[in-house]
Amino acid sequence: MTPLLSVQGLTRMYGAHVGCRDVSFDLHPGEVMGIVGESGSGKSTLLNCMAGHMAPDAGAVVFDTRTGPRDTVTMSEPERRMLGRTDWAFVHQHARDGLRMGVSAGGNVGERLMAVGARNYGQIRDTAVDWLDRVEIDAARVDDRPSTFSGGMQQRLQIARNLVTGPRLVFMDEPTGGLDVSVQARLLDLLRGLVRDMGLSAVIVTHDLAVVRLLADRLMVMKSGRVVEQGLTDQVLDDPQHGYTQLLVSSVLQV
Amino acid sequence: MSDYNFAYLDEQTKRMIRRALLKALAVPGYQVPFASREMPMPYGWGTGGVQVSAAVLTPADRFKVIDQGADDTTNAVSIRRFFERTAGVATTTRTAEASVIQTRHRIPEEALTDGQILVYQVPIPEPLRFLEPRETETRRMHALEDYGLMHVKLYEDISRHGHIATAYAYPVKVEGRYVMDPSPIPKFDNPKMSDSAAIQLFGAGREQRIYALPPYTQVVSLDFEDHPFEASKADHPCGLCGAEDSYLDEVITDDAGGRMFVCSDTDFCETRRAAGHAGAMNTGKDAA
(Lines give C-alpha, C1' and ligand atoms only; values in the text may rest on other atoms or scores of the structure.)
Protein backbone atom coordinates (compact mmCIF):
# COMPACT_ATOMS: atom_id res chain seq x y z
CA MET A 1 0.00 0.00 0.00
CA THR A 2 1.35 3.46 -0.90
CA PRO A 3 1.83 5.64 2.14
CA LEU A 4 -0.17 8.88 2.07
CA LEU A 5 2.84 10.83 3.23
CA SER A 6 6.41 9.68 3.15
CA VAL A 7 9.02 11.86 4.82
CA GLN A 8 12.61 11.01 3.87
CA GLY A 9 15.67 12.42 5.57
CA LEU A 10 14.13 15.81 6.30
CA THR A 11 16.71 18.26 7.61
CA ARG A 12 16.47 21.91 8.47
CA MET A 13 19.28 23.94 10.01
CA TYR A 14 19.18 27.43 11.46
CA GLY A 15 22.74 28.41 10.69
CA ALA A 16 24.83 26.21 12.96
CA HIS A 17 21.81 25.24 15.06
CA VAL A 18 19.84 22.14 14.27
CA GLY A 19 16.13 22.61 13.61
CA CYS A 20 15.46 19.00 12.82
CA ARG A 21 17.86 16.45 11.38
CA ASP A 22 17.35 13.41 9.22
CA VAL A 23 13.72 12.68 10.06
CA SER A 24 12.07 9.86 8.12
CA PHE A 25 8.69 8.19 8.53
CA ASP A 26 5.68 6.95 6.58
CA LEU A 27 2.09 7.88 7.26
CA HIS A 28 -0.63 5.62 5.88
CA PRO A 29 -4.19 6.69 5.01
CA GLY A 30 -6.38 6.95 8.08
CA GLU A 31 -3.43 6.96 10.44
CA VAL A 32 -2.75 9.60 13.10
CA MET A 33 0.87 10.29 13.96
CA GLY A 34 1.79 12.10 17.15
CA ILE A 35 5.04 14.00 17.56
CA VAL A 36 6.07 14.82 21.11
CA GLY A 37 9.14 16.41 22.61
CA GLU A 38 10.18 19.32 24.76
CA SER A 39 10.21 22.94 23.62
CA GLY A 40 12.94 23.54 21.07
CA SER A 41 13.19 19.88 20.07
CA GLY A 42 12.28 20.66 16.45
CA LYS A 43 8.65 19.52 16.42
CA SER A 44 7.26 22.69 14.93
CA THR A 45 10.15 23.05 12.49
CA LEU A 46 9.44 19.55 11.26
CA LEU A 47 5.73 20.25 10.93
CA ASN A 48 6.30 23.53 9.06
CA CYS A 49 8.73 21.83 6.68
CA MET A 50 6.23 19.07 5.97
CA ALA A 51 3.37 21.52 5.42
CA GLY A 52 5.45 23.62 3.02
CA HIS A 53 5.54 26.71 5.22
CA MET A 54 9.29 26.45 5.45
CA ALA A 55 11.80 25.10 2.95
CA PRO A 56 13.86 22.18 4.29
CA ASP A 57 17.61 22.10 3.62
CA ALA A 58 17.55 18.46 2.61
CA GLY A 59 15.14 15.59 2.28
CA ALA A 60 11.86 14.86 0.58
CA VAL A 61 8.20 15.00 1.58
CA VAL A 62 6.39 12.69 -0.82
CA PHE A 63 2.62 13.07 -0.78
CA ASP A 64 0.26 10.69 -2.57
CA THR A 65 -1.62 13.32 -4.63
CA ARG A 66 -4.67 12.55 -6.73
CA THR A 67 -2.31 12.03 -9.68
CA GLY A 68 0.17 9.80 -7.85
CA PRO A 69 3.05 10.34 -5.38
CA ARG A 70 4.85 13.69 -5.74
CA ASP A 71 7.66 15.32 -3.79
CA THR A 72 6.08 18.47 -2.37
CA VAL A 73 9.45 20.06 -1.62
CA THR A 74 10.39 20.33 -5.29
CA MET A 75 6.83 21.01 -6.43
CA SER A 76 6.07 24.48 -7.82
CA GLU A 77 4.56 26.96 -5.41
CA PRO A 78 1.14 27.22 -7.10
CA GLU A 79 0.80 23.44 -6.91
CA ARG A 80 1.82 23.42 -3.27
CA ARG A 81 -0.66 26.17 -2.49
CA MET A 82 -3.37 24.23 -4.26
CA LEU A 83 -2.55 21.21 -2.09
CA GLY A 84 -2.60 23.50 0.92
CA ARG A 85 -6.21 24.43 0.32
CA THR A 86 -7.57 21.15 -0.98
CA ASP A 87 -5.95 17.96 0.30
CA TRP A 88 -4.07 19.49 3.22
CA ALA A 89 -5.18 21.41 6.24
CA PHE A 90 -3.19 23.17 8.92
CA VAL A 91 -4.52 23.84 12.40
CA HIS A 92 -2.49 26.46 14.23
CA GLN A 93 -1.92 26.50 17.95
CA HIS A 94 -3.39 29.99 18.22
CA ALA A 95 -6.71 30.21 16.42
CA ARG A 96 -5.91 33.85 15.63
CA ASP A 97 -3.11 32.72 13.31
CA GLY A 98 -5.43 30.46 11.38
CA LEU A 99 -8.55 32.62 11.25
CA ARG A 100 -9.39 35.94 9.67
CA MET A 101 -10.50 37.87 12.70
CA GLY A 102 -12.20 40.63 10.72
CA VAL A 103 -14.35 38.25 8.69
CA SER A 104 -17.54 36.54 9.90
CA ALA A 105 -17.52 32.88 10.92
CA GLY A 106 -19.35 31.96 7.70
CA GLY A 107 -16.81 33.85 5.61
CA ASN A 108 -13.98 32.09 7.41
CA VAL A 109 -15.42 28.66 6.66
CA GLY A 110 -16.31 29.66 3.09
CA GLU A 111 -12.90 31.05 2.17
CA ARG A 112 -11.38 27.72 1.18
CA LEU A 113 -14.46 26.88 -0.86
CA MET A 114 -14.27 30.18 -2.72
CA ALA A 115 -10.53 29.74 -3.21
CA VAL A 116 -11.16 26.52 -5.11
CA GLY A 117 -13.85 28.11 -7.25
CA ALA A 118 -17.22 27.94 -5.42
CA ARG A 119 -19.29 30.84 -6.74
CA ASN A 120 -22.76 30.17 -5.39
CA TYR A 121 -23.51 32.20 -2.28
CA GLY A 122 -26.42 30.04 -1.13
CA GLN A 123 -24.45 26.82 -1.33
CA ILE A 124 -21.37 28.29 0.36
CA ARG A 125 -23.52 29.55 3.21
CA ASP A 126 -25.34 26.24 3.61
CA THR A 127 -22.02 24.40 3.78
CA ALA A 128 -20.71 26.90 6.34
CA VAL A 129 -23.78 26.49 8.54
CA ASP A 130 -23.52 22.72 8.25
CA TRP A 131 -19.89 22.82 9.35
CA LEU A 132 -20.54 25.15 12.25
CA ASP A 133 -23.08 22.61 13.41
CA ARG A 134 -20.56 19.78 13.10
CA VAL A 135 -18.07 21.60 15.32
CA GLU A 136 -20.82 22.43 17.81
CA ILE A 137 -21.08 26.16 17.12
CA ASP A 138 -24.60 27.60 17.15
CA ALA A 139 -25.69 28.24 13.55
CA ALA A 140 -27.14 31.59 14.65
CA ARG A 141 -23.57 32.86 15.06
CA VAL A 142 -22.66 32.37 11.41
CA ASP A 143 -22.49 36.14 10.84
CA ASP A 144 -20.55 36.94 14.01
CA ARG A 145 -16.86 37.68 13.90
CA PRO A 146 -14.48 35.20 15.54
CA SER A 147 -13.27 37.98 17.83
CA THR A 148 -16.58 37.63 19.70
CA PHE A 149 -15.99 33.89 20.19
CA SER A 150 -14.39 32.18 23.18
CA GLY A 151 -10.99 30.52 22.80
CA GLY A 152 -12.48 27.05 22.48
CA MET A 153 -15.00 28.21 19.88
CA GLN A 154 -12.28 29.93 17.88
CA GLN A 155 -10.29 26.71 17.84
CA ARG A 156 -13.35 24.73 16.70
CA LEU A 157 -14.06 27.34 14.03
CA GLN A 158 -10.49 27.00 12.81
CA ILE A 159 -10.99 23.26 12.52
CA ALA A 160 -14.24 23.73 10.58
CA ARG A 161 -12.55 26.20 8.25
CA ASN A 162 -9.80 23.68 7.56
CA LEU A 163 -11.91 20.60 7.09
CA VAL A 164 -14.58 22.14 4.85
CA THR A 165 -12.86 21.14 1.61
CA GLY A 166 -12.55 17.53 2.77
CA PRO A 167 -8.76 17.33 3.13
CA ARG A 168 -7.03 13.97 3.41
CA LEU A 169 -4.18 15.09 5.64
CA VAL A 170 -4.33 17.49 8.57
CA PHE A 171 -1.30 19.04 10.25
CA MET A 172 -1.99 20.17 13.78
CA ASP A 173 0.35 22.29 15.85
CA GLU A 174 -0.62 22.00 19.52
CA PRO A 175 -4.35 22.09 18.77
CA THR A 176 -5.30 22.06 22.45
CA GLY A 177 -2.61 24.43 23.72
CA GLY A 178 -3.93 27.34 25.75
CA LEU A 179 -7.36 25.85 26.38
CA ASP A 180 -8.61 24.87 29.82
CA VAL A 181 -9.02 21.17 30.52
CA SER A 182 -12.78 20.84 30.10
CA VAL A 183 -12.69 22.70 26.78
CA GLN A 184 -9.67 20.60 25.81
CA ALA A 185 -11.62 17.42 26.50
CA ARG A 186 -14.52 18.51 24.29
CA LEU A 187 -12.17 19.53 21.51
CA LEU A 188 -10.37 16.19 21.67
CA ASP A 189 -13.69 14.39 21.57
CA LEU A 190 -14.69 16.39 18.53
CA LEU A 191 -11.35 15.80 16.77
CA ARG A 192 -11.50 12.09 17.47
CA GLY A 193 -15.00 11.93 15.99
CA LEU A 194 -14.04 13.90 12.88
CA VAL A 195 -10.87 11.90 12.29
CA ARG A 196 -12.84 8.67 12.49
CA ASP A 197 -15.84 9.81 10.40
CA MET A 198 -13.83 11.41 7.63
CA GLY A 199 -11.06 8.83 7.62
CA LEU A 200 -8.52 11.62 8.03
CA SER A 201 -4.82 11.15 8.37
CA ALA A 202 -3.19 13.58 10.72
CA VAL A 203 0.16 14.66 12.07
CA ILE A 204 -0.24 16.14 15.54
CA VAL A 205 2.54 18.03 17.24
CA THR A 206 2.07 18.46 20.96
CA HIS A 207 3.83 18.30 24.29
CA ASP A 208 0.72 16.96 25.98
CA LEU A 209 1.02 13.19 26.31
CA ALA A 210 -2.69 12.83 27.11
CA VAL A 211 -3.53 14.28 23.67
CA VAL A 212 -1.41 11.73 21.83
CA ARG A 213 -2.70 8.91 24.00
CA LEU A 214 -6.24 9.78 22.92
CA LEU A 215 -5.69 10.65 19.26
CA ALA A 216 -2.53 9.15 17.88
CA ASP A 217 -2.00 5.64 16.55
CA ARG A 218 1.73 6.05 16.36
CA LEU A 219 4.12 8.25 18.24
CA MET A 220 7.45 9.85 17.50
CA VAL A 221 9.60 11.31 20.29
CA MET A 222 11.98 14.12 19.36
CA LYS A 223 14.93 15.50 21.22
CA SER A 224 17.41 18.11 19.95
CA GLY A 225 16.13 17.87 16.40
CA ARG A 226 16.36 14.09 16.16
CA VAL A 227 13.82 11.34 16.48
CA VAL A 228 14.91 9.28 19.48
CA GLU A 229 12.10 6.78 19.59
CA GLN A 230 9.06 5.83 17.55
CA GLY A 231 6.42 3.15 17.63
CA LEU A 232 2.81 2.48 18.53
CA THR A 233 1.52 5.07 20.99
CA ASP A 234 0.65 2.67 23.78
CA GLN A 235 3.90 0.81 23.34
CA VAL A 236 6.02 3.96 23.56
CA LEU A 237 4.12 5.44 26.48
CA ASP A 238 3.80 2.23 28.51
CA ASP A 239 7.24 0.83 27.85
CA PRO A 240 9.57 3.72 26.99
CA GLN A 241 13.03 2.57 25.88
CA HIS A 242 15.01 5.75 25.41
CA GLY A 243 16.17 7.67 28.45
CA TYR A 244 14.52 10.87 27.31
CA THR A 245 11.17 9.17 26.69
CA GLN A 246 11.34 7.63 30.14
CA LEU A 247 11.94 11.07 31.61
CA LEU A 248 9.06 12.53 29.57
CA VAL A 249 6.60 9.86 30.61
CA SER A 250 7.60 10.04 34.27
CA SER A 251 7.32 13.85 34.25
CA VAL A 252 3.56 13.82 33.72
CA LEU A 253 1.85 15.13 36.84
CA GLN A 254 -0.53 12.71 38.46
CA VAL A 255 -3.69 14.18 39.92
CA MET B 1 5.66 79.68 -23.59
CA SER B 2 7.00 78.97 -20.09
CA ASP B 3 10.12 78.01 -18.23
CA TYR B 4 8.93 74.45 -17.72
CA ASN B 5 9.84 71.49 -19.85
CA PHE B 6 6.87 70.40 -21.98
CA ALA B 7 4.21 69.03 -19.61
CA TYR B 8 6.19 69.88 -16.46
CA LEU B 9 8.16 66.62 -16.06
CA ASP B 10 11.66 66.27 -17.48
CA GLU B 11 12.19 63.98 -20.43
CA GLN B 12 13.96 61.23 -18.46
CA THR B 13 11.07 60.99 -16.03
CA LYS B 14 8.54 60.83 -18.83
CA ARG B 15 10.59 58.11 -20.43
CA MET B 16 10.59 56.14 -17.18
CA ILE B 17 6.81 56.50 -16.91
CA ARG B 18 6.29 55.51 -20.56
CA ARG B 19 8.30 52.36 -19.96
CA ALA B 20 6.06 51.49 -17.03
CA LEU B 21 3.02 52.25 -19.21
CA LEU B 22 4.22 49.95 -21.98
CA LYS B 23 4.77 47.16 -19.51
CA ALA B 24 1.35 47.78 -17.96
CA LEU B 25 -0.29 47.63 -21.39
CA ALA B 26 1.54 44.41 -22.19
CA VAL B 27 0.25 42.75 -19.01
CA PRO B 28 -3.31 44.11 -18.59
CA GLY B 29 -4.33 44.59 -14.99
CA TYR B 30 -0.84 44.02 -13.56
CA GLN B 31 0.42 46.74 -11.22
CA VAL B 32 3.77 48.05 -12.45
CA PRO B 33 5.89 49.88 -9.87
CA PHE B 34 7.29 53.21 -11.01
CA ALA B 35 9.38 55.95 -9.44
CA SER B 36 6.59 58.40 -8.71
CA ARG B 37 7.75 62.03 -8.54
CA GLU B 38 6.81 64.78 -6.19
CA MET B 39 4.21 66.89 -7.99
CA PRO B 40 3.14 70.46 -7.16
CA MET B 41 -0.09 69.21 -5.58
CA PRO B 42 -0.94 67.11 -2.53
CA TYR B 43 -1.20 63.33 -2.64
CA GLY B 44 -4.81 62.37 -3.16
CA TRP B 45 -5.42 65.14 -5.67
CA GLY B 46 -4.36 63.06 -8.62
CA THR B 47 -0.57 63.05 -8.59
CA GLY B 48 -0.55 59.64 -10.28
CA GLY B 49 -2.97 60.67 -12.98
CA VAL B 50 -1.09 63.91 -13.64
CA GLN B 51 2.20 62.07 -14.12
CA VAL B 52 0.61 59.60 -16.54
CA SER B 53 -1.05 62.45 -18.44
CA ALA B 54 2.26 64.32 -18.60
CA ALA B 55 3.94 61.24 -20.03
CA VAL B 56 1.38 60.66 -22.79
CA LEU B 57 0.54 64.25 -23.81
CA THR B 58 1.85 65.56 -27.12
CA PRO B 59 1.57 69.17 -28.35
CA ALA B 60 -1.20 68.13 -30.77
CA ASP B 61 -3.42 66.69 -28.05
CA ARG B 62 -6.67 68.13 -26.78
CA PHE B 63 -6.98 67.64 -23.04
CA LYS B 64 -10.06 67.22 -20.83
CA VAL B 65 -10.21 66.74 -17.07
CA ILE B 66 -13.21 65.55 -15.10
CA ASP B 67 -13.68 65.18 -11.37
CA GLN B 68 -16.69 63.08 -10.36
CA GLY B 69 -17.92 63.62 -13.91
CA ALA B 70 -17.77 67.42 -13.71
CA ASP B 71 -15.51 69.70 -15.72
CA ASP B 72 -15.92 72.68 -13.40
CA THR B 73 -14.82 71.45 -9.97
CA THR B 74 -11.64 72.69 -8.27
CA ASN B 75 -9.63 69.58 -8.99
CA ALA B 76 -10.60 69.47 -12.66
CA VAL B 77 -10.08 73.18 -13.24
CA SER B 78 -6.68 73.29 -11.58
CA ILE B 79 -5.29 70.23 -13.38
CA ARG B 80 -6.60 71.56 -16.70
CA ARG B 81 -4.92 74.91 -16.06
CA PHE B 82 -1.75 73.16 -14.95
CA PHE B 83 -1.34 71.55 -18.36
CA GLU B 84 -2.48 74.67 -20.20
CA ARG B 85 0.42 76.50 -18.57
CA THR B 86 3.11 73.83 -18.57
CA ALA B 87 2.34 72.09 -21.88
CA GLY B 88 0.36 74.70 -23.75
CA VAL B 89 -1.99 71.99 -25.04
CA ALA B 90 -5.51 72.80 -26.19
CA THR B 91 -8.20 71.91 -23.67
CA THR B 92 -11.87 71.14 -24.00
CA THR B 93 -14.82 70.02 -21.94
CA ARG B 94 -16.31 68.00 -24.80
CA THR B 95 -15.76 64.27 -24.38
CA ALA B 96 -15.89 63.58 -28.12
CA GLU B 97 -13.30 66.26 -28.96
CA ALA B 98 -10.71 65.28 -26.36
CA SER B 99 -7.82 62.99 -27.18
CA VAL B 100 -6.61 62.60 -23.58
CA ILE B 101 -9.11 62.62 -20.70
CA GLN B 102 -7.94 62.58 -17.12
CA THR B 103 -10.64 61.44 -14.74
CA ARG B 104 -11.32 61.08 -11.07
CA HIS B 105 -14.09 58.66 -10.04
CA ARG B 106 -16.07 58.53 -13.31
CA ILE B 107 -16.04 57.27 -16.88
CA PRO B 108 -17.75 59.67 -19.33
CA GLU B 109 -21.26 58.62 -20.38
CA GLU B 110 -20.50 59.08 -24.06
CA ALA B 111 -18.81 55.99 -25.48
CA LEU B 112 -15.10 56.55 -25.99
CA THR B 113 -13.61 56.02 -29.41
CA ASP B 114 -10.50 54.71 -31.08
CA GLY B 115 -7.45 56.82 -30.34
CA GLN B 116 -8.70 58.36 -27.11
CA ILE B 117 -6.79 57.84 -23.87
CA LEU B 118 -8.56 57.77 -20.51
CA VAL B 119 -6.27 58.42 -17.52
CA TYR B 120 -7.60 57.44 -14.09
CA GLN B 121 -6.47 58.89 -10.78
CA VAL B 122 -6.09 55.98 -8.37
CA PRO B 123 -5.83 56.35 -4.60
CA ILE B 124 -5.35 52.66 -3.70
CA PRO B 125 -4.32 50.38 -6.58
CA GLU B 126 -4.32 47.16 -4.55
CA PRO B 127 -7.77 45.51 -4.57
CA LEU B 128 -6.69 43.13 -1.81
CA ARG B 129 -5.35 45.87 0.46
CA PHE B 130 -8.00 45.85 3.17
CA LEU B 131 -8.31 42.07 3.07
CA GLU B 132 -4.64 41.21 3.37
CA PRO B 133 -2.45 43.90 4.95
CA ARG B 134 0.93 42.46 3.85
CA GLU B 135 2.07 43.82 0.50
CA THR B 136 4.48 40.88 0.02
CA GLU B 137 1.55 38.51 0.46
CA THR B 138 -0.82 40.38 -1.89
CA ARG B 139 1.84 40.36 -4.61
CA ARG B 140 2.25 36.63 -4.18
CA MET B 141 -1.52 36.21 -4.32
CA HIS B 142 -1.60 38.09 -7.63
CA ALA B 143 1.28 36.02 -8.97
CA LEU B 144 -0.39 32.75 -8.02
CA GLU B 145 -3.88 33.90 -8.99
CA ASP B 146 -5.00 33.18 -5.44
CA TYR B 147 -8.16 35.28 -5.40
CA GLY B 148 -10.45 33.37 -3.02
CA LEU B 149 -10.18 36.25 -0.57
CA MET B 150 -11.78 38.70 -2.99
CA HIS B 151 -14.95 36.67 -2.93
CA VAL B 152 -14.81 36.54 0.86
CA LYS B 153 -15.27 40.31 0.79
CA LEU B 154 -18.34 39.98 -1.43
CA TYR B 155 -19.62 37.13 0.75
CA GLU B 156 -19.33 39.38 3.79
CA ASP B 157 -21.29 42.07 1.97
CA ILE B 158 -24.18 39.73 1.23
CA SER B 159 -24.22 38.18 4.70
CA ARG B 160 -24.36 41.63 6.27
CA HIS B 161 -26.59 43.56 3.87
CA GLY B 162 -28.45 40.90 1.92
CA HIS B 163 -26.88 42.04 -1.36
CA ILE B 164 -23.46 43.09 -2.62
CA ALA B 165 -23.24 46.53 -1.04
CA THR B 166 -19.93 47.53 -2.62
CA ALA B 167 -21.00 50.48 -4.75
CA TYR B 168 -17.68 51.89 -5.94
CA ALA B 169 -14.17 50.51 -6.53
CA TYR B 170 -15.95 47.28 -7.38
CA PRO B 171 -13.30 44.61 -8.09
CA VAL B 172 -12.93 43.35 -11.65
CA LYS B 173 -11.05 40.51 -13.32
CA VAL B 174 -9.07 41.44 -16.42
CA GLU B 175 -8.86 38.94 -19.29
CA GLY B 176 -9.49 36.10 -16.83
CA ARG B 177 -6.21 36.75 -15.07
CA TYR B 178 -5.53 39.72 -12.78
CA VAL B 179 -8.01 41.07 -10.27
CA MET B 180 -7.86 44.85 -10.53
CA ASP B 181 -9.17 47.83 -8.60
CA PRO B 182 -11.01 49.99 -11.15
CA SER B 183 -10.28 53.12 -9.01
CA PRO B 184 -13.25 54.50 -7.07
CA ILE B 185 -15.62 54.73 -10.04
CA PRO B 186 -19.24 53.82 -9.26
CA LYS B 187 -20.00 50.22 -10.19
CA PHE B 188 -22.43 51.70 -12.73
CA ASP B 189 -19.34 52.50 -14.82
CA ASN B 190 -17.76 49.04 -14.57
CA PRO B 191 -19.36 47.63 -17.75
CA LYS B 192 -17.98 50.60 -19.73
CA MET B 193 -14.41 49.47 -19.01
CA SER B 194 -14.88 46.19 -20.82
CA ASP B 195 -14.25 46.06 -24.53
CA SER B 196 -13.66 49.83 -24.68
CA ALA B 197 -12.12 51.29 -27.84
CA ALA B 198 -10.00 53.71 -25.81
CA ILE B 199 -6.73 53.05 -24.00
CA GLN B 200 -7.28 53.14 -20.24
CA LEU B 201 -4.33 54.05 -18.01
CA PHE B 202 -4.32 54.06 -14.21
CA GLY B 203 -1.84 56.06 -12.15
CA ALA B 204 -1.40 55.88 -8.37
CA GLY B 205 1.13 58.52 -7.31
CA ARG B 206 1.47 57.92 -3.60
CA GLU B 207 1.42 54.15 -4.03
CA GLN B 208 3.80 54.35 -7.01
CA ARG B 209 1.90 51.97 -9.24
CA ILE B 210 0.72 52.12 -12.83
CA TYR B 211 -1.64 49.68 -14.51
CA ALA B 212 -3.50 49.71 -17.77
CA LEU B 213 -6.13 48.24 -20.04
CA PRO B 214 -5.36 48.13 -23.77
CA PRO B 215 -8.33 48.72 -26.13
CA TYR B 216 -10.91 45.95 -26.38
CA THR B 217 -9.87 44.21 -23.16
CA GLN B 218 -12.32 41.94 -21.41
CA VAL B 219 -13.13 43.24 -17.93
CA VAL B 220 -15.52 41.21 -15.78
CA SER B 221 -16.97 42.37 -12.46
CA LEU B 222 -16.71 39.68 -9.79
CA ASP B 223 -19.96 38.24 -8.44
CA PHE B 224 -21.80 35.13 -7.26
CA GLU B 225 -24.05 32.95 -9.44
CA ASP B 226 -27.03 33.66 -7.21
CA HIS B 227 -26.09 37.30 -6.61
CA PRO B 228 -25.03 38.56 -10.04
CA PHE B 229 -23.31 41.90 -10.61
CA GLU B 230 -25.69 44.78 -11.17
CA ALA B 231 -24.71 48.22 -12.45
CA SER B 232 -26.84 50.30 -10.13
CA LYS B 233 -27.76 53.99 -10.17
CA ALA B 234 -30.29 56.25 -8.50
CA ASP B 235 -33.72 55.31 -9.78
CA HIS B 236 -34.66 58.71 -11.22
CA PRO B 237 -34.34 60.63 -14.49
CA CYS B 238 -31.97 63.60 -14.61
CA GLY B 239 -33.74 66.73 -13.31
CA LEU B 240 -32.15 68.95 -15.95
CA CYS B 241 -31.90 66.90 -19.14
CA GLY B 242 -34.30 64.05 -18.40
CA ALA B 243 -31.76 61.32 -19.19
CA GLU B 244 -32.80 57.94 -17.80
CA ASP B 245 -29.58 56.08 -18.47
CA SER B 246 -26.87 58.24 -16.96
CA TYR B 247 -25.27 58.15 -13.52
CA LEU B 248 -26.86 60.73 -11.22
CA ASP B 249 -25.72 62.91 -8.34
CA GLU B 250 -28.19 63.72 -5.61
CA VAL B 251 -28.12 67.47 -4.91
CA ILE B 252 -29.74 68.98 -1.82
CA THR B 253 -31.42 72.21 -2.91
CA ASP B 254 -32.77 73.74 0.32
CA ASP B 255 -33.05 73.18 4.08
CA ALA B 256 -36.49 71.62 3.84
CA GLY B 257 -35.37 68.31 2.36
CA GLY B 258 -35.69 69.46 -1.23
CA ARG B 259 -33.40 67.62 -3.60
CA MET B 260 -32.84 66.89 -7.23
CA PHE B 261 -31.00 64.28 -9.24
CA VAL B 262 -28.71 65.51 -11.99
CA CYS B 263 -26.28 63.84 -14.36
CA SER B 264 -22.84 63.61 -12.77
CA ASP B 265 -21.33 63.93 -16.26
CA THR B 266 -21.77 67.68 -16.89
CA ASP B 267 -20.71 67.55 -20.54
CA PHE B 268 -23.24 64.79 -21.27
CA CYS B 269 -26.00 66.79 -19.56
CA GLU B 270 -25.16 70.04 -21.36
CA THR B 271 -24.99 68.34 -24.73
CA ARG B 272 -28.43 66.85 -24.19
CA ARG B 273 -29.92 70.14 -23.06
CA ALA B 274 -28.45 71.88 -26.08
CA ALA B 275 -30.15 69.24 -28.21
CA GLY B 276 -33.50 70.19 -26.72
CA HIS B 277 -33.96 67.57 -24.00
CA ALA B 278 -35.41 68.90 -20.76
CA GLY B 279 -35.97 67.34 -17.37
CA ALA B 280 -38.77 67.95 -14.86
CA MET B 281 -36.82 70.56 -12.89
CA ASN B 282 -35.35 72.44 -15.84
CA THR B 283 -36.63 76.00 -15.55
CA GLY B 284 -35.32 77.04 -18.92
CA LYS B 285 -32.34 78.90 -17.47
CA ASP B 286 -29.11 77.10 -16.75
CA ALA B 287 -29.86 75.86 -13.27
CA ALA B 288 -26.53 74.17 -12.77
Side-chain angles (χ1 to χ4, degrees), chain A residues 52-53 55 75-86 88-89 96-129 131-132 139-148 157 160-162 164-165 167, chain B residues 27 30 124 126-166 170-179 187 190 218-230 232:
Chain A
H53 296 173
M75 198 179 240
S76 72
E77 192 170 351
E79 285 178 302
R80 201 160 45 230
R81 279 213 167 198
M82 196 59 189
L83 265 188
R85 52 184 191 230
T86 53
W88 286 2
R96 286 168 181 276
D97 298 338
L99 291 174
R100 292 196 187 277
M101 300 307 281
V103 170
S104 71
N108 264 294
V109 178
E111 184 181 343
R112 274 168 76 106
L113 293 171
M114 293 183 251
V116 294
R119 291 290 178 266
N120 188 306
Y121 175 80
Q123 283 167 13
I124 293 167
R125 195 173 171 83
D126 290 347
T127 315
V129 168
W131 265 98
L132 289 185
R141 304 208 60 180
V142 64
D143 291 333
D144 292 349
R145 293 184 174 195
S147 46
T148 66
L157 179 62
R161 164 184 162 91
N162 272 286
V164 67
T165 46
Chain B
V27 193
Y30 173 71
I124 294 164
E126 178 53 72
L128 301 163
R129 170 66 53 85
F130 295 112
L131 303 166
E132 171 57 63
R134 287 166 295 177
E135 186 80 0
T136 46
E137 184 61 21
T138 55
R139 278 199 226 177
R140 183 171 295 146
M141 288 162 82
H142 281 295
L144 300 177
E145 230 179 313
D146 191 355
Y147 290 134
L149 202 50
M150 208 68 245
H151 273 87
V152 173
K153 177 188 153 80
L154 301 179
Y155 172 96
E156 289 287 289
D157 257 9
I158 303 174
S159 73
R160 203 169 303 154
H161 305 287
H163 59 98
I164 298 179
T166 305
Y170 192 102
V172 294
K173 195 164 207 177
V174 179
E175 286 289 332
R177 177 60 182 87
Y178 284 100
V179 166
K187 67 176 169 184
N190 269 18
Q218 183 204 54
V219 179
V220 179
S221 305
L222 300 178
D223 60 0
F224 285 103
E225 287 162 7
D226 43 354
H227 287 269
F229 171 80
E230 201 184 335
S232 60

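Lettering follows sequence order; numbering is per chain, from 1. Quick caveat: nothing in here was measured; it's all calculated off a predicted structure.
- Only the side chain of B/L144 comes within contact range of chain A, with at least one heavy atom under 4.5 Å from a heavy atom of that chain.
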Would you list the atom pairs in which one atom of chain B and one of chain A form a donor-acceptor pair under 3.5 Å?
unit_1 : atom_1 : unit_2 : atom_2 : d
B/E137 : OE2    : A/R81  : NH2    : 3.1
B/D146 : OD1    : A/R85  : NH1    : 2.6
B/D146 : OD2    : A/R81  : NH1    : 2.7
B/D146 : OD2    : A/R85  : NH1    : 3.2
B/H151 : NE2    : A/R119 : NE     : 3.2
B/Y155 : OH     : A/R125 : NH1    : 3.4
B/E156 : OE1    : A/S104 : N      : 2.9
B/E156 : OE2    : A/S104 : N      : 3.2
B/E156 : OE2    : A/S104 : OG     : 2.5
B/S159 : N      : A/Y121 : OH     : 3.4
B/E225 : N      : A/R119 : O      : 2.7
B/E225 : OE1    : A/N120 : ND2    : 3.2
B/D226 : OD1    : A/Y121 : N      : 2.7
B/D226 : OD2    : A/Y121 : N      : 3.3
B/D226 : OD2    : A/G122 : N      : 2.6

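- Within the 4.5 angstrom heavy-atom criterion, only backbone atoms of B/L131 (N, CA, C, O) approach chain A.
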